[in-house]
Amino acid sequence: MKSKMKLNWRQAGIALVLGMVSFTVMAMGNTGESKKVSIDDKIVGASYYWYDGDKKRSITVNSNVIAEFGRGESVVKDVISGARDVTPKVPAGARLWDVSEGGGAAKAMEAVSNIKASPVFHDGRSTSTSRRALPGGIIVTFKDGWDAQRVQDWAKSRNLTIESKMNFGNIYVIATDVGMSALTLANQIHESGEVVSAQPNWWKEITTR
């Protein structure tokens with residue numbers, strides 16, 4: 001899976017509908033083979049998690065808002081009936097859409113599965129905290145003893161693509177698709193114990209006072 005998204009705004013982030021629903025995302029297993037990961041949950045207030053270093057952080061899905069990434073004309077407004085632009089004043093690379101009139105975020109994510117869109121999350125279990133989304137990419141911290149060749153070999157053995165190296169630490173950006181697959185893969189890599197840590201390359205809403 002390869003993404004060409006620029007990092008200048010994404011690095012700042014280091015910045016779905018009542019009832020039972022199901023939608024499918026693509027994630028990469030530790031063997032490097034692509035597999036389907038099914039997410040079934042009561043989407044209103046559905047809780048997921050990610051790793052912030054060695055800390056496991058809970059996040060809650062916003063049932064009415066999705067994030068769209070990419071430049072140019074929006075696809076969401078053409079596909080989702082009643083989608084309303086709720087992009088923050090300081091957008092930093094994402095457009096947010098209230099899709100409550102179109103059936104909610106779960107239905108919207110199914111409708112726009114072929115575009116660069118992500119569910120919107122909130123820290124903890126409250127939907128009143130700042131919003132974050134998945135523009136694609138995973139931040140992976142490797143052990144100090146791993147040189148660039150070993151990192152490349154590790155990525156190649158798992159059919160992963162290294163997008164760039166951070167200018168500090170032994171930290172690399174691994175390319176992924178936009179959306180849930182980044183969260184799923186980041187958790188898989190972190191929980192494998194092969195690396196120091198792995199987390200999504202989050203887009204996060206910038207709040208001003």
Q. Does Arg150 have any side chain to side chain donor-acceptor pair (under 3.5 Å) partners at least two apart in sequence or in another chain, and if so, which?
A. none

Q: Run the numbers on Ile138 and Asn201 for side chain to side chain contact (heavy atoms under 4.5 Å, CB included), then give the verdict.
A: CA-CA 5 Å; Ile138 298 170; Asn201 194 21; over 6 Å; no

(Q) Count I, L, V, M, F, W, Y as connected when their side-chain heavy atoms are under 4.5 Å apart, and connections chain through other members. Are Val151 and Val196 then in the same cluster? (A) no

Q.
Side chains of Val195 and Trp154, heavy atoms from C-beta outward: is any pair under 4.5 Å?
A. yes

Q.
Which heavy atom of Ala67 sits nearest to which heavy atom of Ala133, and what is that distance?
A. CB-CB, 3.7 Å

**Q.** Heavy-atom side-chain proximity of Ser118 to Met180 below 4.5 angstrom
**A.** no

**Q.** Asp78: side-chain contact (heavy atoms from CB on, under 4.5 Å) partners, not counting sequence neighbours
**A.** none

(Q) Donor-acceptor check, side chain of Glu68 to backbone of Val75, threshold 3.5 angstrom: yes or no? (A) yes

Q | CA sep, side-chain torsions, deciding dist, call: Phe121, Leu183, side chain to side chain contact (heavy atoms under 4.5 Å, CB included) | A | CA-CA 11 Å; Phe121 301 86; Leu183 177 62; 4.3 Å; yes

Q: Kindly give the heavy-atom pair with the smallest separation between Val99 and Ala108, and that separation in Å.
A: CG2-CB, 3.8 Å

Q. Applying the side chain to side chain contact (heavy atoms under 4.5 Å, CB included) test to Trp97, which of Thr87, Ile80, Ile66 qualifies?
A. Ile66

Q: Starting at CG of Asn187, measure out to OG of Ser192 and round the result to the nearest 0.5 Å.
A: 11.0 Å

Q) In Å, rounded to the nearest 0.5 Å, how long is the span from OG of Ser100 to NZ of Lys107? A) 12.5 Å

Would you list the atom pairs, donor with acceptor, under 3.5 Å between side chains in residues 166-174 and any protein atom, with sequence neighbours excluded?
| residue | atom | partner | partner atom | Å |
| --- | --- | --- | --- | --- |
| Asn170 | ND2 | Lys143 | O | 2.8 |
| Asn170 | ND2 | Trp146 | O | 2.9 |

Q) Can you tell me if Thr129 uses its side chain to pair, donor with acceptor, with the backbone of Asp123 under 3.5 Å? A) yes

**Q.** Closest contact, heavy atoms only, Thr176 versus Ala182
**A.** OG1-CB, 3.4 Å

(Q) Minimum heavy-atom separation for Val112 and Ala117, please, with both atom names. (A) CG2-CB, 3.8 Å

Q | Sequence-distant partners of Glu73, side-chain contact (heavy atoms from CB on, under 4.5 Å), two or more places apart | A | Lys77

Q) Which pair of heavy atoms, one from Ala198 and one from Ile189, lies closest together, and at what distance? A) CB-CG2, 3.8 Å

Q.
Testing the basics here: between Gly104 and Asn64, what is the closest heavy-atom pair and its distance to 0.1 Å?
A. CA-OD1, 4.4 Å

Q. For Glu191, which residues count as a side chain to side chain donor-acceptor pair (under 3.5 Å) partner, sequence neighbours excluded?
A. Tyr49, Tyr51

Q | Pairing residues for His122 by the side chain to side chain donor-acceptor pair (under 3.5 Å) criterion, not counting sequence neighbours | A | Asn62

Q: Name all residues meeting the side-chain contact (heavy atoms from CB on, under 4.5 Å) criterion together with Asp153; count only those two or more places apart in sequence or in a different chain, and write none if there are none.
A: Gln149

**Q.** Spacing of CD1 belonging to Ile115 relative to CE belonging to Met109, to within rounding of 0.5 Å
**A.** 8.0 Å

Q.
Once salt bridge (charged side-chain N to carboxylate O under 4.0 Å, His left out) is applied, what residue pairs with a partner in residues 53-63 remain, sequence neighbours excluded?
A. Asp52-Arg57

Q.
As a quick check of understanding, evaluate side chain to side chain contact (heavy atoms under 4.5 Å, CB included) for Ser74 and Arg95, giving each step before the final call.
A. CA-CA 9 Å; Ser74 169; Arg95 280 175 285 191; 3.6 Å; yes

Q) Going by heavy atoms in the side chains, are Val61 and Val120 under 4.5 Å from each other? A) no

Q) Who are the side chain to side chain donor-acceptor pair (under 3.5 Å) partners of Trp50, not counting sequence neighbours? A) none

(Q) Once side-chain contact (heavy atoms from CB on, under 4.5 Å) is applied, do any residues pair with Val86, and if so which ones, sequence neighbours excluded? (A) Val65, Arg84, Leu96, Asp98, Arg131

